[in-house]
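Both backbone and side-chain heavy atoms feed into the values below; hydrogens, waters and symmetry mates do not. Residue numbers begin at 1 in each chain, while the letters A, B, ... track the order of the sequences.
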There are 2 protein chains.
Amino acid sequence: MQLAQTTPARTTPAPAIHAPGLLSEPVIGRCTASDVLRWAGLPQLASAESDALPLWQRRVAAEQTLVHEDQSVQALYLVAAGSFKCTQTDLEGYEQVLGFAIHGDMLGLDGMGDLHHSSAAVALEDSTVVVLPYPELLQMSQQLPALNALLHHAAGVELQHRGHTQYLISAASAEVRVARFLLHFAQRQLAQGHSQRRLHLRMTRRDIASCLCVAHETVSRALTALVAQGCIRVCNRDVEITDPALLQSMQRVTRGAPRRKGHAQGTAGTARFALTQ
Amino acid sequence: MQLAQTTPARTTPAPAIHAPGLLSEPVIGRCTASDVLRWAGLPQLASAESDALPLWQRRVAAEQTLVHEDQSVQALYLVAAGSFKCTQTDLEGYEQVLGFAIHGDMLGLDGMGDLHHSSAAVALEDSTVVVLPYPELLQMSQQLPALNALLHHAAGVELQHRGHTQYLISAASAEVRVARFLLHFAQRQLAQGHSQRRLHLRMTRRDIASCLCVAHETVSRALTALVAQGCIRVCNRDVEITDPALLQSMQRVTRGAPRRKGHAQGTAGTARFALTQ
DNA sequence: CGAATCTTTGAACTGAGTCAATTAAAGTGG
DNA sequence: CCACTTTAATTGACTCAGTTCAAAGATTCG
């Protein structure tokens with residue numbers, strides 16, 4: 001119960017930007033720890049105790065940075081609605097996108113190591129997060145095992161995400177990377193009960209490009225190529241997967257894997273010719 | 001205390017490979033939770049209680065796989081001595097290296113999400129790990145807050161590592177990636193009290209290449225280039241950083257970051273000419 | 001000492017980065 | 001509500017860094 005009480009009353013010191021009354025800023029709602037457990041993928045851990053633990057929600061306007069890089073960890077956040085990109089900025093000011101977060105994903109976990117966030121979280125659209133004040137969260141998790149499990153679960157899931165992102169990048173060709181990205185995105189949408197076919201990308205091509213470590217023009221070209229092959233249809237940021245099986249077949253070919261002798265690696269090229277009418 | 005007792009007596013069912021008496025297999029030693037806390041970077045949390053919690057250590061022979069992909073989570077492991085590579089294998093059998101673990105790093109954390117490991121851990125040399133049986137660990141962490149903090153800390157650190165790995169890959173040129181890799185490796189060695197200048201790489205060029213998402217020949221060439229520029233000296237897997245400042249200056253140039261108008265990106269090329277005598 | 005693996009180097013080809021220019025979309029302000 | 005600005009997206013042309021293929025040393029290990 002401490003969690004919700006401490007937040008609204010005496011928060012303000014750190015965030016600084018705090019304009020109550022505006023559509024974009026705090027504008028707080030509430031939910032329970034049970035909601036959080038359900039959204040995070042642990043519905044079976046919701047209980048009377050977690051029902052009794054109220055939590056605050058916070059609105060985050062599009063483009064707004066919820067978590068700043070190098071900021072000390074004040075809280076972790078669970079995405080209730082909307083979406084975010086997680087980024088790292090290097091010395092030269094290049095913004096590297098580490099991944100995207102949607103409903104049920106936790107933000108800020110990488111700060112648990114040294115209590116400083118090593119990546120930022122920026123809202124891609126008007127979004128809502130559940131605020132989990134960090135020190136209080138740790139304290140509570142000692143008393144409420146479900147909360148502890150939540151943290152572990154979320155950390156594990158986040159690590160898997162990052163592993164998967166690296167898998168996307170490991171693909172040889174840009175076309176394969178984009179194909180994998182779309183399939184992964186569809187997969188995640190499905191897990192949230194959305195359509196597996198019709199995707200609405202909330203991020204720019206540039207963000208996707210950064211995440212896949214290619215130039216943004218290349219993402220554009222890859223999408224065009226996939227359209228030409230009949231895998232997908234694209235209208236701005238709306239992507240429809242018209243031929244999932246074909247798209248699946250493109251996410252092969254990994255580069256640098258001349259294992260043994262017999263490696264049929266002409267897939268991409270072959271498919272291209274086969275389908276250019 | 002349950003931790004150590006459960007492990008040796010009634011483990012055996014899953015690992016299957018179990019040949020007591022051989023140099024390579026279990027051959028167990030012991031340590032305390034305090035040791036683990038210290039090694040993991042949380043010395044301040046060591047206490048009388050953690051002193052009283054004995055844990056088993058296990059030897060892992062070079063090349064041996066400690067954690068298998070898709071295996072259900074039996075335990076987490078802390079690297080006490082030696083080193084590991086963490087890998088993911090895709091459908092085509094291509095082994096993608098996600099990162100390397102040395103003394104103080106935790107293995108198996110990404111399994112906390114769904115209790116199945118999503119990456120494997122393979123010893124690069126004869127190594128020793130502390131075994132932290134998972135269900136027992138969770139149980140104990142409810143009673144011993146320090147253990148809980150350990151898990152959170154380790155998860156945070158691991159996430160940072162993966163973020164850093166992506167930073168390595170985000171570099172435009174292979175030379176930059178390798179430079180960053182060496183500097184990062186030196187950094188980690190330093191944190192463990194080893195020399196910051198003299199590195200002994202335990203992994204093959206191929207492993208490094210996989211981790212950096214380039215061909216192994218390219219790693220070779222990049223190293224040769226760095227030697228030619230006087231940054232480093234290389235003898236097999238021993239690398240000496242002869243000019244840290246120069247090496248630092250090479251880890252710039254990020255690609256895809258044509259921010260604003262004035263972006264001086266000729267660094268790599270310029271430096272090459274300037275130093276080819 | 002030979003087999004296997006790792007590492008380096010060479011040569012040729014190509015995918016993707018870069019630059020550039022056009023079009024489309026989304027804000028902005030009068 | 002419409003001109004105006006700004007940002008996003010697409011497409012083309014050119015170039016080159018890095019992959020691929022090949023082959024020769026070096027190192028490790030049985």
*Could I get the full list of side-chain contact (heavy atoms from CB on, under 4.5 Å) partners for A/Q160, not counting sequence neighbours?*
B/D110, B/D114, B/S118
Grab the N/O contacts between the protein and nucleotides 24-30 of chain D below 3.5 Å, and write none if there aren't any.
none

_According to side-chain contact (heavy atoms from CB on, under 4.5 Å), who are the partners of B/A209, at least two apart in sequence or on a separate chain?_
B/V214, B/H216, B/V219
*Between D/dT10, C/dT8, D/dG18, which one does the side chain of A/S220 approach most closely?*
D/dT10
_Checking B/H103 now: which residues fulfil ring pair (Phe, Tyr, Trp, His ring centres under 6.0 Å) with it, not counting sequence neighbours?_
B/W39
*asked:* Suppose the criterion is salt bridge (Lys or Arg N to Asp or Glu O under 4.0 Å): which pairs have a residue in residues 216-238 of chain B, not counting sequence neighbours?
replied: B/R233-B/E240
Detail all sub-3.5 Å separations between protein N/O atoms and N/O atoms belonging to nucleotides 1-6 of chain C.
unit_1	atom_1	unit_2	atom_2	d
C/dC6	O3'	B/R237	NH2	3.3

*Using the C1' atoms of five pairs at each end, what's the angle between the two axes of the helix from C/dC1-D/dG30 to C/dG30-D/dC1, to 10 degrees?*
60°
*Value in whole Å for how far the P atom of C/dG17 lies from CZ of B/R177*: 10 Å
*Atom pair distance, as rounded to whole Å: CG in B/L223 and P in C/dT7*: 10 Å
Produce the list of close N/O pairs, under 3.5 Å, pairing protein atoms with atoms of nucleotides 10-12 of chain C; give distances to one decimal.
unit_1	atom_1	unit_2	atom_2	d
C/dG10	N7	B/R221	NH1	3.1
C/dG10	O6	B/R221	NH2	3.4
C/dA11	N6	B/R221	NH2	3.4

*asked:* Just to verify, what does A/E125 make a side-chain contact (heavy atoms from CB on, under 4.5 Å) with, not counting sequence neighbours?
replied: A/S83, A/S127, A/R202
*Go through the structure and list residues passing ring pair (Phe, Tyr, Trp, His ring centres under 6.0 Å) with A/H164, not counting sequence neighbours.*
A/Y167, A/H184
_For A/L247, all residues meeting side-chain contact (heavy atoms from CB on, under 4.5 Å), sequence neighbours excluded_ = A/A179, A/L182, A/L183, A/L226, A/C231, A/I232, A/I241
*Residues forming a salt bridge (charged side-chain N to carboxylate O under 4.0 Å, His left out) with B/R188, sequence neighbours excluded*: B/D105
*Side chain of A/T224 only, please: which of D/dT11, C/dT7, D/dT10 is the nearest?*
D/dT11
*asked:* Is A/T218 close enough to C/dG15 that one of its side-chain N or O atoms is under 4.0 Å from OP1 or OP2 there?
replied: no
